Amino acid sequence: MIKAVRGTRDLLPPDTALWNFVEATARDVFRAYNFQEIRTPIFEVTELFARGVGEETDIVAKEMYTWEDRGRAESDRGQSLTLRPEATAGIVRAYIEHKLGDRGLNKLYCIGPMFRRERPQKGRYRQFYQIDAEIIGPPSAGSESPARDAEVLEMLATLLDRLGITNWNLQLNSVGTPTDRVQFNEALRAALQPVVGQMCADCQRRAVTNPLRVFDCKVPEDQSVIETLPRITQFLGEDSRKHFEAVQAILAKVGVPFSLNDRLVRGLDYYTRTAFEFTHGALGAQNAILGGGRYDGLSDALGGPAAPGIGFAIGEDRLVMSLQEKTPAESVLRKPDVYVAPMAGMNGDAARLARELRRHELVVELGDDAFRLKKSFEAATKVGAKYILIVGENEVKADAFALKNLATGEQVSIVRANLAAWLRSNRG
RNA sequence: GUGGGAAUAGCUCAACUGGCAGAGCACCGGACUGUGGCUCCGGCGGUUGCGGGUUCGAUUCCCGUUUCCCACCCCA
């Protein structure tokens with residue numbers, strides 16, 4: 001049997017109803033903040049991610065689905081292409097390519113699949129889905145303003161609340177400018193050198209490869225050492241510090257709770273200043289349901305104009321997973337309003353009635369005149385229809401149809417002209 | 001990529017130390033040819049993930065492999 005490949009999965013009904021609920025809610029919330037949708041290709045030239053995400057990141061170094069294009073045109077052949085591992089690089093590429101900065105500030109969102117070749121785990125798949133949004137534009141449009149950081153964070157809080165996820169936790173940090181980070185990295189390495197010997201094996205390795213990650217260590221014995229290490233916040237330049245304070249002040253004013261986490265570091269090279277993460281319990285080790293931050297230098301790094309930006313990516317797989325506990329898919333599934341059950345030879349009349357009802361925006365399940373009435377009732381019950389409409393010779397002759405409430409057993413006869421209106425007012 | 005656990009009917013799971021592969025739910029049919037749910041009766045359903053080995057005999061023990069789960073790395 002051919003099966004879905006490792007790390008990919010089918011999203012089946014009724015779960016897809018929950019996914020649609022999440023996406024519809026996101027679109028609705030984004031609209032209130034005047035975000036508009038952008039759809040970029042699912043693959044790009046490899047160089048985009050190498051430059052945009054960072055050569056040294058794990059994503060680029062070992063997790064990308066990359067292949068060599070083949071084609072007739074010289075320009076196609078041998079070109080290295082990659083399935084997008086994240087959305088921001090592609091969006092910024094589109095921003096540069098179409099000179100979107102000329103329109104002023106861009107508020108864009110993008111919903112779709114991403115690909116990373118990682119070992120699958122709970123809440124982690126090789127094809128996974130992200131809901132991504134970005135505010136990007138020329139500095140003159142205010143793209144650098146802390147007001148935009150706070151707006152994005154407040155929007156996320158609103159979205160999570162709307163989805164019924166109440167026990168989220170916003171972790172906030174500033175990772176400064178690249179210049180700030182160079183100094184911080186030096187200080188961190190210097191501080192680690194005398195003490196790293198007492199730390200766990202993982203930390204000893206991190207101290208060499210990626211000192212920032214030492215802050216992620218969960219080994220209890222290492223915590224006292226980690227407490228003594230310098231923090232990025234101590235190395236923020238005047239501008240970064242003021243920017244960070246301004247973000248916090250606005251959040252306090254609008255009433256979005258957050259906790260400062262000066263150990264929060266982000267994996268992607270392009271992040272500057274504000275970095276954040278929303279976490280949620282009961283997701284195992286994958287407790288971050290969304291993360292994001294500011295990337296003021298990304299456009300420049302890709303050869304574009306100065307275009308500061310801030311954005312986030314929601315891990316939709318994880319979001320849906322954390323939603324499932326409280327909101328079963330069935331609860332957002334629209335069940336049929338009515339099951340139209342044709343008696344023998346009545347398929348045509350039934351189809352005509354169903355057509356009429358569907359035109360009135362009723363959800364109609366249409367049966368088959370080969371079914372005995374008993375079987376139609378069973379089928380109607382199984383699909384969860386609220387009413388069953390019996391289409392038999394008697395009904396057609398009288399132009400009035402038997403309509404039975406499957407839950408209460410109550411049965412009425414309604415003339416054809418009133419059927420749609422009656423059902424619409426009684427569908428509940 | 002590394003470490004550990006698991007895999008038996010569509011789903012959830014049994015099967016003693018190696019001895020005839022089972023149950024509940026679901027599905028189909030009947031009791032009931034224009035009225036479902038409840039009940040009763042019957043039926044369908046399996047290369048025990050896959051490949052090899054040990055054995056008279058393997059769901060069971062061993063090796064390999066694939067996938068999933070848990071964790072690491074990293075991240076959404």
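Chain A is the first sequence line, chain B the second, and so forth, proteins listed ahead of strands; every chain is numbered from 1. Model, not experiment: these values are computed from the prediction.
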Between A:Thr158 and A:Tyr33, do the side chains contain an N or O donor and an N or O acceptor separated by less than 3.5 Å?
-> yes
A correct 5'-to-3' footprint of nucleotides 28-40 of chain B, with B, S and - meaning base, sugar-phosphate only and no protein heavy atom under 4.0 Å, is SSS---BBBB---
Under 4.0 angstrom, heavy atoms only, what part of the nucleic acid is A:Arg9 near: base, sugar-phosphate, or nothing?
-> nothing
Calculate the interatomic distance between A:Glu118 atom CD and B:C72 atom C1'; express it in whole Å.
-> 12 Å
Pick out which of A:Lys62, A:Arg126, A:Arg6, A:Arg124 makes a salt bridge (Lys or Arg N to Asp or Glu O under 4.0 Å) with A:Glu118.
-> A:Arg124
Contact pattern, 5' to 3', of nucleotides 3-10 of chain B - B, S or - by protein heavy atom under 4.0 Å = B-------
Donor-acceptor pair, side chain of A:Arg84 and main chain of A:Glu44, under 3.5 angstrom | no
Under the ring pair (Phe, Tyr, Trp, His ring centres under 6.0 Å) test, residues paired with A:Phe115 that sit two or more places apart = none
B:U48 pairs with, by Watson-Crick or G-U criteria that keep both distances under 3.5 Å | none
A:Arg116 side chain to A:Pro85 main-chain N or O, any donor-acceptor pair under 3.5 Å?
-> yes
When you look at NE2 of A:His98, are more than 12 heavy atoms from neighbouring residues, nucleotides or ligands closer to it than 6.0 Å?
-> yes
Nucleotide nearest A:Glu63 when distance is taken to its side chain, options B:C69, B:C68, B:C74 = B:C74
Looking at every strand, decide which applies to A:Glu316 at a 4.0 Å heavy-atom threshold: base, sugar-phosphate, or nothing.
-> nothing
Partner of B:C38 by Watson-Crick or G-U wobble geometry, both contacts under 3.5 Å, or none?
-> none
So which of A:Thr179, A:Asp180, A:Thr274, A:Thr177 actually passes side chain to side chain donor-acceptor pair (under 3.5 Å) with A:Ser240?
-> A:Asp180
B:C72 -> Watson-Crick or G-U wobble partner, both distances under 3.5 Å, gives B:G1
